[in-house]
Structure formats: C-alpha cells, structure tokens
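FYI, side chains are in, hydrogens and waters are out, and symmetry mates aren't considered; it's all heavy atoms of this structure. Here the structure is a predicted model, which is why all the values come from computation and not from measurement.
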Amino acid sequence: MEREQYLVAIKPRMPEKRYIHTVGVMETAINLAHKYGEDVKKAETAAILHDIAKYADIEWMENIVRDEKLDERLIGWGSELLHGPVGAYIAQSEFGITDEELLNAIRFHTTGRANMSRLEKIIFVADMIEPNRRFDGVDRLRKKAQKNLDKAMSACVRHTLAFLIDTKQPIYPLSIECYNDMMNREDSEG
C-alpha cells in the first residue's frame with residue numbers, strides 16, 4: 001500500500017486530533033529516517049500505523065493478546081500499552097505486513113525494549129517529538145534528535161519514566177529493560 005491508502009485506512013479509527021498527531025509522527029519519522037540512514041518507506045508505514053489500535057475496545061485488545069499469545073503481562077494495562085502490540089497485530093492481519101522490524105517499531109513504540117533497532121528508535125522518538133507535542137522539555141528532545149538518535153532515545157525514555165514516577169503510575173517491565181539497556185550502552189561508550 002502507499003501512503004495515501006494507509007492514511008485513508010487509519011483516519012476513521014481515530015479522532016481528528018490523533019490523526020493530526022499521526023501525520024506529525026509520519027513527517028518526523030521520515031525526517032529522522034533520512035538523517036540516520038533508515039529505510040524511509042518502512043519508517044513512514046510504521047509511523048502511519050503506530051496508533052491504529054489506540055481507540056480500539058480494551059476488552060477486544062485483551063482478547064487479541066490472549067488469542068495471539070502476545071505478552072500476557074499486557075492484560076490490565078489499558079489502551080496506552082495494549083495499542084502497540086495490537087497495532088502490530090492489525091498491521092500484519094489486516095494490511096499483510098510481514099516485515100518483523102516494521103512490526104516491532106509499531107509493537108514497542110510506547111514501551112520501548114532492550115536492543116531496539118534503529119527503526120524502532122526512530123518511531124519511539126518521532127512519536128514523542130512530533131511537531132504537535134507540547135510539554136516541558138520537548139524542544140530539548142527535538143534538538144537531541146537532530147544530533148544523535150541514541151542520545152535522543154535515551155533522553156525520551158528518561159523523560160517518560162520521570163513522568164510516570166512523578167505521576168505515581170506503574171512502569172511496564174519492558175520500559176525498565178529499555179532504560180537499563182540504554183544506560184548500559186551509554187556506560188560502555190564512555
């Protein structure tokens with residue numbers, strides 16, 4: 001499928017504000033893919049589809065997790081975490097996407113994970129820094145993304161975890177593994 005076909009397919013599944021966000025993520029992911037030598041088409045497709053399940057019924061998503069034998073730890077975490085893995089399932093089952101790296105970029109765009117690929121990092125970062133995002137520190141994250149993808153990814157993960165801690169929300173285990181992985185890589189780089 002081409003960009004316009006994907007955009008037409010996702011638009012009815014989300015409110016206008018989320019659609020605008022998705023277009024912003026797409027444009028940011030394309031920019032980052034060019035900058036960091038990633039497959040632009042893959043980045044574009046993953047960005048367009050990253051929130052396809054964001055507004056799906058939670059019970060339906062939990063049934064997908066059970067039926068497709070996805071990570072059972074997702075049950076009970078709500079749409080915020082379910083929509084990534086279920087979005088990857090939709091990308092595969094409805095759109096015929098079989099590229100595992102592209103599916104992983106959708107699957108882990110909210111939680112992150114250890115050993116993320118460059119494409120996964122691009123989608124994670126693009127989701128956080130797209131032009132419609134407005135939060136304290138977003139401009140600093142945008143600047144980092146233009147200088148070094150790994151440092152931007154690390155800063156985005158730290159920002160997310162600090163937000164979750166400050167608002168007294170639980171942290172999904174993959175996000176902790178992602179943080180630990182990023183810190184270990186920074187330590188080994190000196």
Side-chain angles (χ1 to χ4, degrees), residues 3 6-7 10 14 17-52 54 80-81 83-85 87-88 91 97 99-167 169 171-172 174-190:
R3 175 192 302 187
Y6 282 122
L7 289 171
I10 65 156
M14 58 187 64
K17 186 175 180 184
R18 182 59 47 169
Y19 180 77
I20 291 166
H21 159 76
T22 298
V23 171
V25 174
M26 177 192 75
E27 291 167 351
T28 304
I30 289 169
N31 171 280
L32 293 174
H34 280 296
K35 183 165 194 60
Y36 294 110
E38 185 53 67
D39 183 311
V40 174
K41 191 73 176 152
K42 278 190 194 183
E44 175 186 275
T45 302
I48 293 171
L49 296 177
H50 84 283
D51 274 351
I52 195 163
K54 180 93 173 174
E80 208 47 50
L81 294 188
H83 81 272
I97 293 172
D99 184 299
E100 199 58 33
E101 187 182 26
L102 195 158
L103 294 170
N104 281 339
I106 298 168
R107 187 175 287 122
F108 300 112
H109 81 269
T110 303
T111 60
R113 68 173 181 149
N115 300 310
M116 290 175 78
S117 71
R118 187 172 49 212
L119 178 63
E120 290 173 72
K121 291 173 189 174
I122 285 171
I123 300 305
F124 189 99
V125 170
D127 186 31
M128 195 154 190
I129 68 165
E130 63 92 3
N132 302 290
R133 292 284 198 197
R134 301 276 180 264
F135 57 85
D136 284 344
V138 71
D139 289 331
R140 181 181 57 81
L141 295 175
R142 287 179 181 132
K143 285 179 186 150
K144 281 189 185 284
Q146 291 306 312
K147 292 180 183 165
N148 183 300
L149 181 62
D150 286 333
K151 287 189 169 139
M153 178 67 199
S154 178
C156 286
V157 170
R158 288 194 318 273
H159 180 90
T160 299
L161 294 183
F163 171 80
L164 292 171
I165 291 165
D166 288 347
T167 57
Q169 295 183 59
I171 299 171
Y172 192 68
L174 283 183
S175 298
I176 295 168
E177 292 169 20
C178 179
Y179 170 79
N180 289 342
D181 182 58
M182 296 305 299
M183 293 305 99
N184 288 336
R185 288 174 190 278
E186 284 182 16
D187 286 347
S188 68
E189 291 169 8

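- A distance-only check finds no donor-acceptor pair linking the side chain of R113 to the backbone of L174 [under 3.5 Å].
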For residues 27-35, please give each side-chain donor-acceptor pair under 3.5 Å, one per line with the distance, not counting sequence neighbours.
residue	atom	partner	partner atom	Å
T28	OG1	G24	O	2.8
N31	OD1	Q146	NE2	3.3
K35	NZ	Q146	O	3.0

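- The CD1 atom of I106 sits 4.5 Å away from atom CG of L49, with the distance rounded to the nearest 0.5 Å.
- Between H159 and the choices F135, Y179, F124, the ring-ring contact (aromatic ring centres under 6.0 Å, His included) rule is met once, by F135.
- Qualifying side-chain hydrogen bond (donor to acceptor under 3.5 Å, both in side chains) partners for N115, counting only residues two or more places apart in sequence or in other chains: R185.
- Taking CZ from F108 and CG from L119, the interatomic distance works out to 12.5 Å, rounded to the nearest 0.5 Å.
- The shortest non-hydrogen separation linking L141 to A155 is CD2-CB, 3.5 Å.
- Here I171 pairs with L161, L164, I165, S175, I176 under the side chain to side chain contact (heavy atoms under 4.5 Å, CB included) rule; sequence neighbours left out.
- In summary, the side chains of R18 and T22 do not present any donor paired with an acceptor at a separation below 3.5 Å, with no hydrogens or angles considered.
- With hydrogens and angles disregarded, no donor-acceptor distance shorter than 3.5 Å links the side chain of D127 to the backbone of I123.
- Not counting sequence neighbours, the partners of Y19 by the side chain to side chain contact (heavy atoms under 4.5 Å, CB included) test are L7, I10, K11, M14, E16, V23.
- The shortest distance between side-chain heavy atoms of E120 and R107 does not fall below 4.5 Å.
- Within the structure, every pair that satisfies the side-chain hydrogen bond (donor to acceptor under 3.5 Å, both in side chains) test and touches residues 38-47, not counting sequence neighbours, is listed here: E2-K41, R3-E44, E38-R118, K41-E44, K42-D99, K42-E101.
- Legend: residues meeting side-chain hydrogen bond (donor to acceptor under 3.5 Å, both in side chains) with R140, ordered by chain and number and at least two apart, are absent.
- Between M153 and K144, every side-chain heavy-atom pair lies at or beyond the 4.5 Å cut-off.
- Across all non-hydrogen atoms, the minimal contact from N148 to Y36 is N-OH, 3.1 Å.
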